[in-house]
There are 2 protein chains.
Amino acid sequence: MSQNSLTISDRIQNHLDDLTRAERQLAHSILENYPASGLGPLSALAKDAKVSVPTVARMVQKLGFNGYLDFQTELREELKAKVQDPIAKHDTWAEAAPTEHVLNSFTDAVIHNIRQSLAHIDPVAFDQACALIADKQHSLCITGGRLTQTLAEYFFSHLQVVRPKVTHIQSSSSAWPHYLLDMKKDDVLVIFDMRRYENNSFKLAQMAHEKGAKVILITDQWRSPIHQIADFSFSCRIVVPSAWDSAVTPLLLLETMISTVQNLTWGETKGRIKALEDMFDQTKQFRKFT
Amino acid sequence: MSQNSLTISDRIQNHLDDLTRAERQLAHSILENYPASGLGPLSALAKDAKVSVPTVARMVQKLGFNGYLDFQTELREELKAKVQDPIAKHDTWAEAAPTEHVLNSFTDAVIHNIRQSLAHIDPVAFDQACALIADKQHSLCITGGRLTQTLAEYFFSHLQVVRPKVTHIQSSSSAWPHYLLDMKKDDVLVIFDMRRYENNSFKLAQMAHEKGAKVILITDQWRSPIHQIADFSFSCRIVVPSAWDSAVTPLLLLETMISTVQNLTWGETKGRIKALEDMFDQTKQFRKFT
DNA sequence: TTCATTTTGATATATTTTTATCATATTTGT
DNA sequence: ACAAATATGATAAAAATATATCAAAATGAA
């Protein structure tokens, strides 16, 4: 590292606001594969970031370097210093924070959760469950409890775009028997139940099951009692160094499901999304991303 | 890394016996500051190793490369690969699924997002922001837009337990000017704004800012325009192989914040949580975790 | 809208860097 | 010690890479 203790990555980050569109695009491309991409030829970098050659030259000057070669030299110095320094050995997430900082310990735990959970997921069951969720022939009901309703909502609001006949109910709501009434054989119920498991949710799942609905359960590593009657159940590790459980792993699972379902229904979804976006555009409430 | 899984360092080591004196001298010089020195100009490397320029050219050919440029390119590839997966290395996430299964590719992307985002977070700013959020002297307002309201809600529902004077408003709601009216100097506004950025959110943030409130922004890697007026802003990478953006990284950030705030206020929080749990127990809607 | 300003990229020029050639030095075997 | 083979480096030629110039395009203000 040079005299000042700022890494080049930091310098780019700091200048991000002074940069123009093409330059920002370039900056992100550099940070994407940092520092490798900056060590190649200027022209390769330009091509990679889809900007012109002079843009690269201009940006490094804006960053305060004496040309691209100077920039590269400093990058190499930085790399050299980093490799030599045994402490900087990439075992922290937030590089600027000590290992024991909550940013690092928490992230450690989350990554561990993801590892463990993914390792135990049966991809065949996953694909089957996604196919059920994508099936527009039957209605889809999503429900969560006190702690999991946000997850249920997230899932609901995305699926709503992807397919019709989706409803979201809270198991603690007094209205759920009405929804159940309309449930037919082979309809699908996606239910979230994490500790502490809720009686209402169990009853709801049971009744749906008795009406012949397919039950897909998202639960924690200890598994909700609903597990016994569920057609598919996916368990996620949720333990973090906190008074609360983490929703990161289930969220990851949900997003993966949404993406899969979306792909399965892409032909029709495309139109729905387009229409939706157009409507939002018309309200002019939202500015286009530039 | 190229077809074979040997690193270039390995290749040099293996060839060490085939090399002549000057070449061996060079080889050791390369390994000395690996890989940085190999990424500079050939002439610099020659000078550094105290050998002639053609010696370098000859050696890399002996190693099986197609010239010095080829050698450098592969070195860069190796570096790129190394930085990208320091944890994942070989094995896949969902072990039973092939590498290209969405479970694996999606998780790859998410882990990459987490890495990138965490690496750019300033732990000092993080701690300061958490202190603001924990400060019960001032009220706290949480708001999100169309795509981020679920995150805002999640944050809200947890903070509600941890401290008093928290409100959640949607920036698209027509009610927000009323909330703003009550906002005093040094009150805190936590605002979520990811692409596509919403005008309403910007206006809300601006007005809060003008009233002297502290603005904490959670945004994506391209940064919402609110960034300019925010007292703290945290950007998360959200790109995944899907038609949607991922909320996993921001969620991780939120949970870490919640945990930190909780620790800061633990003395008082303890009582609040206990009271809340007791209330839930009494309703007998929830079964104790066994 | 129109005009001024900024941003961007194509091309040409200058620079650096790499590779090839060849003479000199070093090593090795007898 | 001497010759043959090999290794090395100085220099020149070739290639690649970077910078400068300028015109087109995009943006923003009036």
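This structure is a prediction, so every number in the text was calculated from the model and none was measured. Values below: every heavy atom of this structure, side chains too, minus hydrogens, waters and symmetry copies. Proteins get letters first, then strands, A, B, ... in listed order; numbering begins at 1 in each.
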For A44(A) and for A22(B), find the nucleotide of DNA chain D with the closest heavy atom, then tell me which residue's nucleotide is more 5'.
-> A22(B)
Heavy atoms from other residues, nucleotides or ligands near NZ of K47(B) exceed 12 (cutoff 6.0 Å) = no
Side-chain ion pair, K211(B) and D187(B), N-O less than 4.0 Å = no
For R21(B) and for L42(B), locate the closest nucleotide of DNA chain C by heavy-atom distance; then report the residue assigned to the nucleotide nearer the 5' terminus.
-> L42(B)
Establish, from distance only, whether the side-chain atoms of S52(A) and T55(A) form a donor-acceptor pair under 3.5 Å.
-> yes
Sequence neighbours left out, what pairs pass side chain to side chain donor-acceptor pair (under 3.5 Å) with at least one residue falling in residues 18-30 of chain B?
-> H15(B)-D18(B), T20(B)-E23(B), R21(B)-Q25(B), E23(B)-K62(B)
Could you list where the contact with chain A starts and ends along DNA chain D, reading 5' to 3', using a 4.0 Å heavy-atom cut-off?
-> dT17(D) to dA20(D)
Residue pair S246(B) / E255(A), side-chain donor-acceptor N/O under 3.5 Å = yes
Considering only heavy atoms of chain A and a distance under 4.0 Å, specify the first and last nucleotide of DNA chain C in 5' to 3' order that meet this criterion.
-> dT7(C) to dT17(C)
Please list all pairs passing the side chain to side chain donor-acceptor pair (under 3.5 Å) test where one or both residues lie in residues 229-238 of chain B, with sequence neighbours left out.
-> E32(A)-R237(B), N113(B)-R237(B), H227(B)-S233(B)
Sub-4.0 Å heavy-atom contacts from residues 48-65 of chain B onto DNA chain C, ordered by number = V53(B), P54(B)
Considering residues at least two apart in sequence or located in another chain, which fulfil the ring pair (Phe, Tyr, Trp, His ring centres under 6.0 Å) criterion with Y68(B)?
-> F71(B)
Could you tell me whether the side chains of Y34(A) and Q116(B) share a donor-acceptor contact shorter than 3.5 Å?
-> no
Decide yes or no for Y179(B) and L204(B): does some side-chain heavy atom of the first lie under 4.5 Å from some side-chain heavy atom of the second?
-> no
Side-chain donor-acceptor pair under 3.5 Å between D70(B) and T73(B), yes or no?
-> no
